[in-house]
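One structure below.
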Amino acid sequence: MTVKVFVDMDKCQHYGQCCFEADDIFHLDDDGKLQYVAEADDSRRDDIESAADVCPMQAITVE
Amino acid sequence: MSGVVIVGAGLGGLRSAEALRGAGYEGEITVVGDEPHLPYNRPPLSKEALLSGVDVEGLQFRRKATVEDVIWRLGAPAASSDLSARTVTLEDGSVLEFDGLVIASGIRPRRLPIPGPTTGRSVLRTATDAEHVRALLGPGVHVIIMGAGFIGCETAATARKLGAEVAVVAIDEQPMVRPLGAELGAGMRRRHERHGVHFHLGHTIDAFVGDDRVRSAALSDGSELPADIVIEAVGSVTNTEWLQGNGLDLSDGLLVDSAMQVDTEVAPVVAVGDIARHPNALFGDIPRRIEHWNMPTETGRRAGATLAALLAGAEPDRGPFTAMPSFWSDQYDHKLQSFGMPGIADRIELVEGEPDGPCIVEYHDASGLVGVVGVDRTQELAPYRKQLMTRSAS
Ligand SMILES: Cc1cc2nc3c(=O)[nH]c(=O)nc-3n(C[C@H](O)[C@H](O)[C@H](O)COP(=O)(O)OP(=O)(O)OC[C@H]3O[C@@H](n4cnc5c(N)ncnc54)[C@H](O)[C@@H]3O)c2cc1C
Ligand code: SF4
């Protein structure tokens, strides 16, 4: 089982809140733009759900 | 078995319901909300949604599958409660029994008693407020914003983007001075002034003038400003009326312990979000209410786990609560981001950039770094947040 992560880049404002919940999945690059891993092991699900919870723009979808 | 009642269908109410389920609570959950909507995101109401139109459905939070069976009683304000009888009575007369109660009713904008007409005076807290304000804003409309806090300043920026003539009237010496300090506050003021906002700082509104509706405002310095609409953002009042008569300390929201439990023997009661005055071990354990968007999620998680434990007859985790307060604000193209509690600092130091441009400001008290604010410097703040998190060790 894997988790699918999708960030709506039209909504994302690059605040980086998600990075604090799962820094192996989400990070801000040198230009301050969000980069993320689109698929992760199921063991990462809880942290990825937390990242979706704390996103101020509610831009993250987890499947 | 009557289950859990959550009063307040905002972010804190939703996250508490999710956390109850996450902690294994399987009983009935009823969420009571006075607004007609499912929980939605408030911060856009002074920003994007005010600019491009309020789509409440689009603003709604995604709700986890685990809370699909929650009963939503919306458009149904709680009128009173009897904690020892374990009941909440709604305005429509229905009585809800509970085993456990979550207080998530948040705050509302404070209204000042100012003489003169009231038509034309608005606040900005709910989607309905934002729809109302949005309909009145437009090119050439004269807007007075009372209060120069975050909501006032964001609304000023959005109103300018919509072409309105904007004046901000506030008693403070600088906008957002309490959290940011005078130097960065002044920098933010100049950003606004470059976009055409007029500030009347150190002044109050003595009276509104107009026969049928507000046409202008009389300021304490004797001047008069034209006004088609007045938006009031001068602080908040906690929504605790429905809790009166239970012997609780309601002087500043609900005082809770590190498990978010309210100090009462008669029933398991927790409080979350803007209304909860909670200790934070990162900042000296003085209980404070923190009106930041990330707190309903943090306190809701803790409160849900606490209530689930109490209802299962177990002792909840009363270990230190150490969530990092975090705040962001968008004004024009500027992104302001804060971690920690800059407002409690007694020494403020600009460590990078200048107050009028991209910058980082540190906030200290006797215990060391207590907060950091960055303007257009989001990715540089991560190490500061990390440093602030280590305060828990001390
Ligand atoms: C315009 C605006 C912009 C903001 N921008 C930011 C920002 O940029 N960054 C940031 O960090 N924070 C921001 N915030 C703050 C953030 O939105 C709040 O901290 C957060 O919404 C608090 O959530 P809550 O669940 O505690 O309260 P609320 O979201 O207020 O939910 C409480 C709910 O309970 C209802 N209620 C009250 N009394 C009763 C009753 N008797 N019976 C039933 N229901 C009741 C209320 O109507 C409300 O629906 C902003 C707030 C506003 C208003
Ligand atoms: S928290 Fe949300 S808005 Fe911020 S960077 Fe992550 S996805 Fe983007």
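Protein chains get the first letters and strands the later ones, always in sequence-line order, with residue 1 at the start of each.
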* Start with the C-alpha gap between V272(B) and I6(B), add the side-chain angles, then the distance that decides, and say whether side chain to side chain contact (heavy atoms under 4.5 Å, CB included) holds. => CA-CA 10 Å; V272(B) 300; I6(B) 299 177; over 6 Å; no
* Atom pair CG (L282(B)) and CG (L388(B)), whose distance is rounded to the nearest 0.5 Å -> 8.0 Å
Got a list of the donor-acceptor pairs under 3.5 angstrom between chain A and chain B?
| residue | atom | partner | partner atom | Å |
| --- | --- | --- | --- | --- |
| Q13(A) | OE1 | K335(B) | NZ | 3.1 |
| Y15(A) | OH | W328(B) | NE1 | 3.2 |
| Y15(A) | OH | D330(B) | OD1 | 2.8 |
| Y15(A) | OH | D330(B) | OD2 | 2.7 |
| Q17(A) | OE1 | Q337(B) | NE2 | 2.9 |
| Q17(A) | NE2 | S326(B) | OG | 3.1 |
| D30(A) | O | Q379(B) | NE2 | 3.2 |
| S50(A) | OG | R301(B) | NH2 | 3.4 |
| D53(A) | O | R15(B) | NH2 | 3.1 |
| D53(A) | OD1 | K64(B) | NZ | 2.7 |
| D53(A) | OD2 | K64(B) | NZ | 2.9 |
| P56(A) | O | N41(B) | ND2 | 2.8 |
| I60(A) | O | R62(B) | NH2 | 2.2 |

* **Those residues that, when tested against F26(A), pass ring-ring contact (aromatic ring centres under 6.0 Å, His included) (two or more places apart)** => none
* To do: Let me know which of L350(B), V375(B), V351(B) forms a side chain to side chain contact (heavy atoms under 4.5 Å, CB included) with I360(B).
  => V351(B)
* Atom group of F339(B) that falls short of 4.5 Å from chain A, counting heavy atoms -> side chain
* Looking only at non-hydrogen atoms, find the nearest pair between G10(B) and P39(B) and report the distance. => O-CB, 3.7 Å
* Minimal non-hydrogen separation, G33(B) against A9(B), with atom names -> CA-CB, 3.9 Å
